[in-house]
Amino acid sequence: LAKTTQPISMDSYEGQEVNITCSHNNIATNDYITWYQQFPSQGPRFIIQGYKTKVTNEVASLFIPADRKSSTLSLPRVSLSDTAVYYCLVGDNFNKFYFGSGTKLNVKP
Amino acid sequence: DTAVSQTPKYLVTQMGNDKSIKCEQNLGHDTMYWYKQDSKKFLKIMFSYNNKELIINETVPNRFSPKSPDKAHLNLHINSLELGDSAVYFCASSHAQGNSYEQYFGPGTRLTVT
């Protein structure tokens, strides 16, 4: 079970780019890196996943260095509605996913 | 159109009672899950289930039992409720095949045991 380490919390202001880094030193060859977002009183929502290099979708970008021991979720121009908890998960099987405590992002006006 | 729905949204009950939480998904997914999120916000998988296999997290007491009448439903039955069972329970679903790790979560059921 690949353990992940993320900052407990981050503060940002509207319009800024936010980068949340996750460490996963024990990532296995078959593991993918997946990020979820959770708003208060809601279930988590899938944001993005990747295996290596860079992945971009309409919501975020995911940067993964060659050694894959870390990854960075990049949120462009955040708004107040991006205030949420962001979870980094590593694994090749949902039963191996460990959500942990995530990173609580607080976006200020 | 709600993708993954759960009922009830809130459930307050006394210790020792038996209760069930229902989950339905209309996404055509073949795998469903139950998660527990405790007061510290840690989200832990309890079960994953598809037509072929039930996988149980070893830390889950046998008072908890999933029941799946069909692919679109996975209910959670809890016997002899305890104070420590108080938490938010999330149902989720996904496709079992491929390398996509996208799960769709329901809105959650907040269970309070008094």
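Since we're looking at a predicted model, the values are computed, not measured.
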Can [Y] be reached from [X] by stepping across I, L, V, M, F, W or Y side chains whose heavy atoms are under 4.5 Å apart?
X: B:L111; Y: B:L83; result: yes
X: A:M10; Y: A:I48; result: yes
X: B:L54; Y: B:I21; result: yes
X: A:I64; Y: A:V59; result: yes
X: A:L75; Y: A:I33; result: yes

Side chain, backbone, both or neither of B:I45 within contact of chain A (heavy atoms, under 4.5 Å): side chain
Between [X] and [Y], is any pair of side-chain heavy atoms under 4.5 Å apart?
X: B:Q103; Y: A:Y36; value: yes
X: B:F90; Y: A:Q38; value: yes
X: B:Y104; Y: A:F46; value: no

Aromatic ring proximity A:F99/B:Y35, centre distance under 6.0 Å: yes
Residue, of B:R110, B:Q37, B:K40, that accumulates the most heavy atom pairs under 4.5 Å with chain A: B:Q37
Whether over 12 other heavy atoms sit under 6.0 Å from B:D70 CG: yes
Under 4.5 Å from a heavy atom of chain B, the part of A:S101 involved: both
Mutual orientation of the aromatic rings belonging to A:Y32 and B:Y101 [parallel < 30°, tilted 30-60°, perpendicular > 60°]: tilted
